[in-house]
Enquirer: 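A single structure is presented below for examination.
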Amino acid sequence: GERPDFYGFITYKFWTPPLKAMSITRVAVPRKYQMQGFGRLLVRWAIEKAKQKPRQECAKVSLSAIPKAISFYKHLNFSVVVDDDQEAPDEDEPKP
C-alpha cells in the first residue's frame, strides 16, 4: 500500500515545580512541507496541551531556537529571552 506522508513532529518536556514549565525541545517539518502551517499547528497543539495543566504545574512554555527560526516563533507570540551566556541575535545582520 501507499505510505502516508510525514508532515513533521514536535518533542517537549514538562518540568515540575519549581520550574512549572513546558519546554519545547524540537519542532521539525520536512522541507517540502515547510511554510504551509504544519509547524505552527504543532506548536499551537503543544501550547494547548500546556494550557490543560493547572497553573501550579505549568505556568509557561519555553524553547531554544536556532537563529533562522526566531521569526517563526515571534509570529507565534514567543519573546526572545537571552541567557547570560549567550549573545543576542543581531536581526539586522545580513543572512547568508
Enquirer: Would you be so kind as to tabulate the donor-acceptor pairs closer than 3.5 Å made by side chains of residues 14-25, with sequence neighbours excluded?
Expert:
residue: Thr25; atom: OG1; partner: Thr11; partner atom: O; Å: 3.1
residue: Thr25; atom: OG1; partner: Thr11; partner atom: OG1; Å: 2.6

Enquirer: Kindly write out the residues that satisfy side-chain contact (heavy atoms from CB on, under 4.5 Å) with Ala69, not counting sequence neighbours, or none if the list is empty.
Expert: Ala65, Ile66, Tyr73
Enquirer: In chain order, what residues pass the side-chain hydrogen bond (donor to acceptor under 3.5 Å, both in side chains) check against Ser62, with sequence neighbours excluded?
Expert: none
Enquirer: Indicate every side-chain donor-acceptor pair of residues 32-50 with a distance under 3.5 Å to a residue at least two apart or in another chain.
Expert:
residue: Tyr33; atom: OH; partner: Asp5; partner atom: OD2; Å: 2.1
residue: Gln34; atom: NE2; partner: Val29; partner atom: O; Å: 2.9
residue: Gln36; atom: NE2; partner: Lys32; partner atom: O; Å: 2.9

Enquirer: Same hydrophobic cluster for Val61 and Ile70, using side-chain heavy-atom links shorter than 4.5 Å among ILVMFWY?
Expert: no
Enquirer: In the hydrophobic cluster built from side-chain contacts under 4.5 Å, what are the other members alongside Phe9?
Expert: Phe6
